[in-house]
Amino acid sequence: MSTAMAASSLSASSTAVPFKITSSSSLLSPFSFSFPRKHHTHVPSLRLSPTASAAVSASGAATPTTAIEIDQSPVSTKPSKALPFRVGHGFDLHRLEPGYPLIIGGINIPHDRGCEAHSDGDVLLHCVVDAILGALGLPDIGQIFPDSDPKWKGCDSSVFIKESVRLMHEAGYDIGNLDATLILQRPKLSPHKDVIKANLSALLGVDPSVVNIKAKTHEKVDSLGENRSIAAHTVVLLMKK
C-alpha cells in the first residue's frame, strides 16, 4: 500500500524552520517538526596591557607575568533561560614535556616536566573555565581564546578564569559549588592541594568551602599513567542570584 506525502515548506523569515509531513493514510496522523535556527555568538575582545602581574609558585615566590586587559564589551550572549540552577562540566588534557613549568590552579608545581601548550597550559583552570562556560551555554574556551591567536601565547590562565567569572555574574549567577579531579601519575599533589584550592577560590571569588580538589593516578595506564600527560575534570553548579 503506497502513502502520499505532502511537500515540505521552508520559511527563511521566521526564527524556526518548519518542516511538515502529512499522510493521507487513516493509520497515520499529520505531524510536524520545528527546527530552531542557531544564533551567532559574539566572542570577547581582549587586548594586551603593559601592566605587570605575578604568578604564584608552590614555594611562595612570585614570577613576573604579562597582564592582559579585557575589553569591557565582550560576549553579550546570555543563557537562553533564567534557570534557578545551571550545571556545567569541563575537561582538559595536556601533554607533559621536559623544559616546561607545571602550572596547576595557578601554582607552579616542582616537576621535571610541564604542560606543552599555547598558553601556560594550566589544565585545572582551563577545565574550570569550560565548566562555567558550559553551564552558561556559551562557547568553549578554545573558541573564546583560540590557540591560533598569538596574543594568548604563554598567557596566564587566570585571565581566562576572570573573564568566565565576569560572564557568569553578568548572566546573574554565582557559584554554588565546584568539584574538580586532577589525573596524573607524578608528582603527588597531596602537599600542594591546599594552596591550589586557596588560589582557585580566590580567583573565583568564592569561599574555599565550596571548592573541592581531588587528585588521582592512572594506575600506570596509557599516557596519563606513563607520566606523558595530565588531565582534569570539573563539575560546577551555578545558582541564580
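Numbers here simply count residues along the sequence, with the first being 1. Reckoned from all heavy atoms, side chains included, excluding hydrogens, waters and symmetry mates. Since the model is a prediction, treat every value here as computed from it, not as a measurement.
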Worked verdict on Y173 versus L83 for side chain to side chain contact (heavy atoms under 4.5 Å, CB included)
CA-CA 10 Å; Y173 289 88; L83 302 173; 4.2 Å; yes
One pair to check against side chain to side chain contact (heavy atoms under 4.5 Å, CB included): C115 and I230. What are the steps and the verdict?
CA-CA 8 Å; C115 292; I230 177 175; 3.5 Å; yes
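Linking ILVMFWY side-chain heavy atoms closer than 4.5 Å, directly or via other members, places L136 and V210 in a single hydrophobic cluster. Both V195 and V206 belong to a single network of hydrophobic side chains, linked directly or stepwise wherever heavy atoms of I, L, V, M, F, W or Y lie under 4.5 Å apart.
The side chain to side chain donor-acceptor pair (under 3.5 Å) test applied to K241 returns H169, not counting sequence neighbours. With sequence neighbours excluded, the residues satisfying side chain to side chain donor-acceptor pair (under 3.5 Å) with T181 are K214. In terms of the side-chain contact (heavy atoms from CB on, under 4.5 Å) criterion, residue partners of A232 (sequence neighbours excluded) are, by chain and number, V123, C127, L182.
Residues G106 and L125 come closest through the heavy atom pair N-CD1, 4.0 Å. Nearest approach of D222 to R228, heavy atoms of both residues: C-NH2, 4.1 Å. Across all their heavy atoms, D122 and G105 have their closest contact at OD1-N, 2.9 Å. Among all heavy-atom pairs drawn from K197 and P208, the shortest one is CE-O, 2.8 Å. The two atoms that bring H89 and H233 nearest to each other are NE2-ND1, 3.1 Å, heavy atoms only.
In this structure, CG in D140 is found 8.0 Å from CG in L133, a value given to the nearest 0.5 Å. Rounded to the nearest 0.5 angstrom, L204 CG and I175 CD1 are separated by 4.0 Å. Rounding to the nearest 0.5 Å places CG of N177 at 9.5 Å from OG of S209. From D130, atom CG reaches atom CD of Q143 across 9.5 Å, with rounding to the nearest 0.5 Å. Rounding to the nearest 0.5 Å gives a distance of 8.0 Å between OG1 of T234 and CG of L200. Rounded to the nearest 0.5 Å, atoms CG (L178) and CD1 (I132) are 7.0 Å apart.
When side chains are defined from C-beta on, L102 does not count as touching R113, because their heavy atoms never get closer than 4.5 Å. Contact of the L184 side chain with the L224 side chain is not registered, since no non-hydrogen atoms from C-beta on lie closer than 4.5 Å. Looking only at side-chain heavy atoms (C-beta outward), V235 and V87 come within less than 4.5 Å of each other. A heavy-atom distance below 4.5 Å is not found between the side chains of V128 and V236. In this structure, F85 and L237 have side chains that are in contact, with non-hydrogen atoms separated by less than 4.5 Å. Considering only heavy atoms from C-beta on, I161 stays 4.5 Å or farther from V159 through its side chain. Annotation: side chain of S229 is not in contact with side chain of Q185 (no heavy-atom distance under 4.5 Å). Proximity of H94 to H126: side-chain heavy atoms (C-beta onward) are separated by under 4.5 Å at one or more points.
Screening L124, L203, D120, I103 for a side chain to side chain contact (heavy atoms under 4.5 Å, CB included) with S157, the sole residue that qualifies is D120.
Judged by distance alone, with hydrogens and angles left aside, the side-chain atoms of R86 form a donor-acceptor pair with the main-chain N or O of A135 at under 3.5 Å. Not one N or O on the side chain of Y100 forms a donor-acceptor pair closer than 3.5 Å with the backbone of G121.
For D194, the CG atom sits in a loose shell: 12 or fewer heavy atoms of surrounding residues, nucleotides or ligands are nearer than 6.0 Å. Annotation for K240: atom NZ counts as buried by contact number, over 12 foreign heavy atoms lying within 6.0 Å.
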